[in-house]
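Report on the structure given below.
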Amino acid sequence: MQFGKFYGEFSRLGEYGSSLFLLAARLAVATGFTEAAHLKWEAIDATAEWFGVLGYPLPLFTAYLVSSVEVIGVVLLALGFLTRLISVPLMIIMVTAIITVHLPNGFECSKSGFEIPLYYFIFLGLFLSHGPGRYSLDHLLFKGN
């Protein structure tokens with residue numbers, strides 16, 4: 001029974017770092033989306049053409065939509081503002097990228113596989129289900145919701 005008590009205390013102490021790790025994860029995911037969003041916006045016509053090749057409907061509109069969501073996502077994730085809300089469209093983008101671009105290449109990121117988009121999807125799912133943590137505008141403005 002001593003180990004159970006020790007493990008309970010250890011787990012309780014570990015929870016003190018949860019908000020710090022949620023902040024680090026939000027910033028890491030936001031940083032990851034930064035380059036992708038920048039590249040899409042920098043060459044929006046090429047992005048639309050690529051989306052057309054992939055079979056996306058209304059490729060120019062979709063290019064602007066995806067690029068905009070990614071840029072907005074970078075800002076909102078970094079600030080921890082409307083975190084749960086922005087996680088949903090970013091998760092949709094990740095699932096779409098996995099299915100249409102990365103899945104045929106297998107799992108490994110070194111082969112342009114779905115490893116990294118899957119990790120982003122999982123992190124976004126954690127933000128959706130657990131929120132952004134204490135170090136966020138959501139916590140400050142919405143009392144932790």
Side-chain angles (χ1 to χ4, degrees), residues 4 6-44 46-145:
F6 164 77
Y7 190 73
E9 282 299 306
F10 181 79
S11 297
R12 188 181 63 75
L13 289 172
E15 290 176 9
Y16 285 109
S18 66
S19 285
L20 185 60
F21 282 105
L22 283 167
L23 171 63
R26 285 192 346 259
L27 294 176
V29 172
T31 301
F33 274 106
T34 300
E35 182 69 14
H38 174 74
L39 290 173
K40 285 181 184 80
W41 269 111
E42 190 174 76
I44 198 73
T47 301
E49 186 177 323
W50 180 50
F51 281 5
V53 169
L54 291 172
Y56 293 3
L58 305 168
L60 184 59
F61 172 78
T62 304
Y64 276 109
L65 179 65
V66 169
S67 302
S68 298
V69 168
E70 288 181 353
V71 168
I72 293 166
V74 166
V75 174
L76 294 180
L77 287 175
L79 296 174
F81 183 60
L82 304 176
T83 309
R84 293 177 194 254
L85 186 64
I86 194 59
S87 292
V88 174
L90 290 172
M91 290 172 78
I92 293 168
I93 290 170
M94 288 298 91
V95 168
T96 304
I98 288 170
I99 292 169
T100 61
V101 178
H102 300 282
L103 195 61
N105 301 320
F107 180 74
E108 297 175 24
C109 67
S110 63
K111 298 177 181 175
S112 194
F114 63 89
E115 182 177 6
I116 301 299
L118 176 64
Y119 294 156
Y120 282 17
F121 178 82
I122 292 168
F123 274 114
L124 291 162
L126 288 171
F127 304 149
L128 176 62
S129 60
H130 292 279
R134 279 180 288 190
Y135 309 120
S136 66
L137 286 179
D138 282 349
H139 183 78
L140 181 68
L141 299 172
F142 305 121
K143 307 296 183 214
N145 290 326

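Keep in mind that what you see is a predicted model, and the values were worked out from it rather than measured.
Taking both residues in full, the closest heavy atoms of Trp41 and Ser68 are given as CZ2-OG, 3.4 Å, listed atom of the first, atom of the second, then distance. Between Arg26 and Ser136, the closest heavy-atom pair is NH1-CB, 4.0 Å. Smallest separation of non-hydrogen atoms from Val69 and Pro89: CG1-CB, 3.9 Å. Closest approach of Ala30 to Leu77, counting heavy atoms only: CB-CB, 4.1 Å. In terms of heavy-atom proximity, Ala37 sits nearest to Val71 at CB-CG2, 3.7 Å. In this structure, Thr62 and Pro57 approach most closely via the heavy-atom pair OG1-O, 2.6 Å.
One finds the CG atom of Leu82 at 8.5 Å from the CD1 atom of Ile86 (value rounded to the nearest 0.5 Å). Once rounded to the nearest 0.5 Å, the distance linking CG of Leu22 with CZ of Arg134 reads 10.0 Å. Summarising the geometry, atom CG belonging to Leu58 is positioned 14.0 Å from atom OH belonging to Tyr64; distances are rounded to the nearest 0.5 Å. Interatomic distance, Leu128 CG to Met91 CE, rounded to the nearest 0.5 Å: 5.5 Å. Residue Ile72 holds its CD1 atom at 10.5 Å from CG of Leu85, rounded to the nearest 0.5 Å. Taken to the nearest 0.5 Å, the CD1 atom of Ile99 stands 11.0 Å off from the CZ atom of Phe114.
Classification of the Tyr120-Phe33 ring pair by plane angle, with boundaries at 30° and 60°, yields tilted.
Around atom CZ of Phe123, no more than 12 heavy atoms belonging to other residues, nucleotides or ligands sit under 6.0 Å away. At most 12 heavy atoms of other shown residues, nucleotides or ligands fall within 6.0 angstrom of atom CZ in Phe21.
Looking at His102 and Ser112, their side chains come closer than 4.5 Å, going by heavy atoms from C-beta outward. When side chains are defined from C-beta on, Pro59 does not count as touching Trp50, because their heavy atoms never get closer than 4.5 Å. The shortest distance between side-chain heavy atoms of Leu39 and Glu35 falls below 4.5 Å.
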message: Between Glu15 and Arg12, does the salt bridge (charged side-chain N to carboxylate O under 4.0 Å, His left out) criterion hold? Intermediate values first, please.
response: CA-CA 5 Å; Glu15 290 176 9; Arg12 188 181 63 75; over 6 Å; no

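The closest donor-acceptor contact from the side chain of Thr83 to the backbone of Gly131 lies at 3.5 Å or more, if one exists at all.
There is no side-chain donor-acceptor pair under 3.5 Å between Tyr56 and Thr96.
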